Amino acid sequence: MSRLIIVSNRLPVSLDATEDGSYSLRQNVGGLATALGPYHKAHRDCLWVGWSGISPHQCSQEDLQDIQQAYKDRRCLPIFLSQEEIDGYYDGFSNNTLWPLFHDFSHEAQFNPDDWDMYQTVNRRFAQALEPIINKDDTIWIQDYHLMLLPQMLRKRFPEVSIGWFLHIPFPSEEIFRSLPWSREILEGVLSANLLGFHTTDFVSSFIASVGRIFPESSVNQDGLIEMPDGHHAAVDAFPIGIDYNLYARTSRSGLAQDMRRGIEFSAGKSKSHFHSFMSAEGDAAAEAASQEGSWWSHHHLEDQPELDLSRSATASINQKENKIIVSVDRLDYTKGLPERLKAFGLMLEKYPEWTGHVTYYLLATPSREDVASYRELKAQVDELVGRINGRFSLLAWTPIHYITRSLSIKPVCGIYAAGDVALVTPLRDGMNLVAKEYLACHDGREGSLVLSNMCGAADELTDAFIVNPYDIDMVCEALHKALEISPQEACARNVRMQARLKVRTAANWSQTFLETLRQVTTAGMSEKRI
Ligand code: ADP
Ligand code: G6P
């Protein structure tokens with residue numbers, strides 16, 4: 001039986017060691033898991049291979065067997081990496097070299113030969129784990145920047161097997177890519193796949209330019225078929241990733257998401273009821289995320305409400321502004337432009353004081369890759385900026401920014417999206433950005449404005465959003481102000497056009513298109529070889 005084997009650094013779920021010595025499985029956050037998770041769930045012939053998220057030294061032999069079984073039940077094959085491998089391959093070469101370089105943060109990129117060695121070692125470990133399970137009729141779909149050497153390693157052992165590779169992050173300009181001391185090896189690694197996919201045609205062009213520069217003897221035809229000097233062909237194309245639109249639209253209408261939404265609206269002074277249902281929805285969400293104590297709403301006791309109302313009516317008598325809510329959902333990553341975004345929000349409060357007491361920003365930002373120094377520094381910077389803005393602009397019973405660092409599951413996330421009059425999605429660089437698409441799905445058939453960075457793949461598709469340069473604080477501030485003021489009719493009209501596209505270009509459509517193209521190019525390649 002032919003199967004699809006997805007291979008990525010992370011599995012859709014990771015394992016966490018808990019303090020009482022047991023383990024818990026956690027849903028992974030990030031575009032890759034969101035996009036491929038539903039496909040894997042729906043296809044029984046699909047196996048997912050990836051890192052377990054835990055070091056084998058952390059568990060006994062008995063535990064290891066239970067863990068492997070738990071993953072097997074979910075059609076996943078875990079790969080266990082030692083701490084040294086995680087340091088060099090994941091924190092090091094993947095997240096301290098390739099991630100910053102590919103996101104145009106070359107100044108953050110570190111070129112450490114030991115990390116490169118470990119990257120090769122771990123790619124080989126993946127190849128070794130796959131070799132015994134691959135059948136010649138299987139399709140192997142390798143994901144992302146962590147495993148760029150794997151196509152070549154597998155190709156050597158399986159000359160006929162169909163291999164696809166998709167990059168979930170941007171591909172940098174040829175000049176930037178060339179600065180990587182191992183750029184040649186990386187290209188050789190991925191070019192052994194039959195099909196290479198990117199989010200946008202710009203990334204495809206940058207990739208082709210890099211191949212042309214590093215391998216002047218290669219050629220590329222008009223259909224994006226690259227021919228290497230050894231006669232090997234690799235097809236290259238853009239496959240913009242989508243979301244499961246119906247899932248987000250439906251989930252945003254679920255009881256829990258709606259309770260969250262009403263609670264947020266209450267807390268932002270938009271409505272006066274539903275506080276109790278919010279409290280219980282937030283409680284459910286907290287239990288679901290199995291997260292830390294001391295939730296962000298704990299200082300909002302019911303007894304505080306008269307004070308809250310008094311202060312609001314005080315500001316309301318100065319101006320008649322309707323209260324509004326801004327939302328954003330991110331991993332805490334320096335590519336997401338959080339400090340710039342916060343500065344733009346602060347500037348708007350300063351420039352348009354009529355918003356004082358009338359706009360609340362729900363900022364959901366979950367810590368990510370905390371073993372990498374630049375991520376820890378960013379967290380400190382965001383903490384400080386939130387504190388500064390809240391300290392400077394807060395009223396007695398109004399706090400401009402609700403800052404949440406827990407990881408929430410899909411229902412509360414959809415509740416947050418649904419509550420947002422405006423979503424502020426301003427990455428400095430992003431391959432696609434699924435958050436922008438999820439927000440629109442959660443506003444299916446209704447208003448809600450999207451302020452979107454021109455530096456992400458999604459900006460090519462969501463042209464009716466308020467498109468901004470995320471580095472231009474003034475521009476983001478003005479767009480935010482306009483997006484908050486826009487009429488519901490205009491917001492709806494903009495959304496309808498974007499939503500129509502998102503309903504068709506879904507995650508399922510993306511994987512089907514990629515896999516169908518892979519099937520075609522592999523078949524064409526085989527018949528060529530036979531001739
Ligand atoms: P990236 O892949 O770089 O994290 P994307 O915007 O493409 O960025 O995808 C992020 C995915 O992870 C989305 O599905 C989003 O809903 C989810 N996500 C991001 N941050 C959080 C968070 N703090 N809590 C829960 N889900 C999150
Ligand atoms: C991006 C990458 C994914 C990664 C995700 C979360 O979406 O493209 O490969 O899984 O970020 O990052 P993490 O390092 O936690 O896996």
Side-chain angles (χ1 to χ4, degrees), residues 6-14 26-38 48 50-53 86 89-92 94-96 98-99 102-103 142-148 165-171 198-199 240-245 247-248 251-252 285 288-289 291 296 327-338 362-372 375 379 382 403-417 423 425-442 452-453 455-459 462 507 510:
I6 296 174
V7 194
S8 64
N9 171 56
R10 271 199 200 280
L11 289 168
V13 283
S14 276
R26 171 177 41 90
Q27 194 69 36
N28 282 324
V29 160
L32 191 158
T34 304
L36 282 160
W48 196 326
W51 171 40
S52 66
I86 296 166
Y89 146 81
Y90 172 71
D91 292 326
S94 299
N95 289 325
N96 236 341
L98 295 178
W99 179 271
F102 281 30
H103 283 89
I142 301 165
Q143 311 291 325
D144 237 351
Y145 58 102
H146 314 86
L147 299 172
M148 293 181 81
W165 172 76
F166 187 84
L167 183 66
H168 290 258
I169 63 174
F171 193 85
F198 299 84
H199 281 306
I241 207 165
I243 56 159
D244 186 341
Y245 186 92
L247 173 70
Y248 281 89
T251 308
S252 71
E288 223 172 306
S291 213
W296 54 274
V327 294
S328 67
V329 175
D330 298 91
R331 283 182 305 105
L332 254 165
D333 193 301
Y334 53 85
T335 60
K336 302 293 179 186
L338 288 157
Y362 281 79
L363 173 70
L364 175 60
T366 307
S368 179
R369 306 176 191 165
E370 290 170 277
D371 291 332
V372 181
Y375 285 76
K379 169 89 170 51
V382 170
Y403 178 37
I404 309 152
T405 56
R406 290 206 306 267
S407 174
L408 298 179
S409 62
I410 182 167
K411 282 183 185 166
V413 167
C414 287
I416 294 175
Y417 285 141
V425 187
T426 52
L428 303 178
R429 195 77 179 123
D430 214 335
M432 174 51 71
N433 195 286
L434 295 184
V435 165
K437 295 184 171 185
E438 291 167 4
Y439 172 77
L440 289 171
C442 290
L452 183 64
S453 159
M455 298 299 286
C456 63
L462 306 178
W510 167 78

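Counting starts at 1 for both ligands and their atoms, following the listed order. These numbers come from the heavy atoms of this one structure, side chains and all, not from hydrogens, waters or symmetry mates. Predicted, not measured: the structure shown is a model, and the values here were computed from it.
Taking distance alone, with nitrogen or oxygen atoms compared against 3.5 Å, L364 stays at or beyond that limit from ligand 1. Checked by distance only, ligand 1 and G30 come closer than 3.5 Å through their nitrogen or oxygen atoms. For a threshold of 3.5 Å applied to N or O pairs, the pair formed by V413 and ligand 1 contains no separation below that value. Note: no N/O pair closer than 3.5 Å links D430 and ligand 1 by distance alone. Taking only nitrogen or oxygen atoms, main chain and side chain alike, R331 reaches within less than 3.5 Å of ligand 1.
Formation of a donor-acceptor pair under 3.5 Å by the S8 side chain with backbone atoms of G50 is not found in this model. With hydrogens and angles disregarded, a donor-acceptor distance shorter than 3.5 Å links the side chain of N28 to the backbone of L11. For the pair T366 (side chain) and R406 (backbone), a donor-acceptor distance under 3.5 Å is present. Without hydrogens or angle criteria, W48 side chain to V7 main chain gives no donor-acceptor distance under 3.5 Å.
Under a 4.0 Å heavy-atom criterion, Y417 is in contact with ligand 1. Ligand 1 lies less than 4.0 angstrom from a heavy atom belonging to K336. Heavy atoms of E438 approach ligand 1 to within less than 4.0 angstrom.
The option from R10, H146, H168, M432 that lies nearest to atom 16 (O) of ligand 2, judged by heavy atoms, is R10. Between atom 14 (O) of ligand 2 and the options F166, Y375, Y145, Y90, the minimum heavy-atom separation is to Y90. Distances from atom 8 (O) of ligand 2 to the heavy atoms of V29, T335, D144, L32 put D144 nearest.
Nearest protein heavy-atom neighbour of atom 22 (C) of ligand 1: T366 OG1, 3.2 Å. Protein heavy atom in closest approach to atom 5 (C) of ligand 2: R369 NH2, 3.9 Å. Among protein heavy atoms, atom 27 (C) of ligand 1 sits closest to V29 CG1, 3.5 Å. Closest to atom 21 (C) of ligand 1, if we only count protein heavy atoms, is V329 CG1, 3.5 Å. Taking atom 10 (C) of ligand 1 as the reference point, the nearest protein heavy-atom neighbour is G31 N, 3.6 Å. Distance from atom 24 (N) of ligand 1 to its nearest protein heavy atom, with residue and atom name: L408 N, 3.5 Å.
Contacts between Q143 and ligand 2 below 4.0 angstrom, taking non-hydrogen atoms only, are absent altogether. Residue-level proximity to ligand 1 for D330 is carried by the backbone, the only part with a heavy atom below 4.0 angstrom. Counting heavy atoms under 4.0 Å from ligand 1, residue L434 touches it through both backbone and side chain.
A distance of 5.0 Å separates CG in L338 from CG in D330, rounded to the nearest 0.5 Å. Between atom CE of residue M148 and atom OG of residue S94 there is a gap of 10.5 Å, rounded to the nearest 0.5 Å. Distance check: I241 CD1 to L36 CG gives 6.0 Å after rounding to the nearest 0.5 Å. Going from atom CD1 of I169 over to atom NE2 of H146 covers 8.0 Å, rounded to the nearest 0.5 Å. Rounding to the nearest 0.5 Å places CG of L167 at 13.0 Å from CD1 of I142. Atom CH2 in W51 sits 6.5 Å away from atom OG in S14 (nearest 0.5 Å).
Residues Y89 and N9 bring a donor and an acceptor atom of their side chains to less than 3.5 Å of each other. In this structure, a donor-acceptor pair under 3.5 Å is present between the side chains of Y145 and N95.
Residue I169 approaches ligand 2 through these ligand atoms, each under 4.0 Å from one of its heavy atoms: 8 (O). The T34 neighbourhood of ligand 1 comprises atoms 11 (C), 13 (C), 14 (O), with distances under 4.0 Å to a heavy atom of that residue. For ligand 1, the atoms lying closer than 4.0 Å to a non-hydrogen atom of N433 are 6 (O), 7 (O). Counting atoms of ligand 2 from 1 in the listed order, those under 4.0 Å from a heavy atom of G31 are 7 (O).
When the salt bridge (charged side-chain N to carboxylate O under 4.0 Å, His left out) test is applied to D333, the partners found at least two apart in sequence or on another chain are R331, R369.
Classified by interplanar angle (parallel below 30°, tilted 30° to 60°, perpendicular above 60°), the ring pair H168/F166 is perpendicular.
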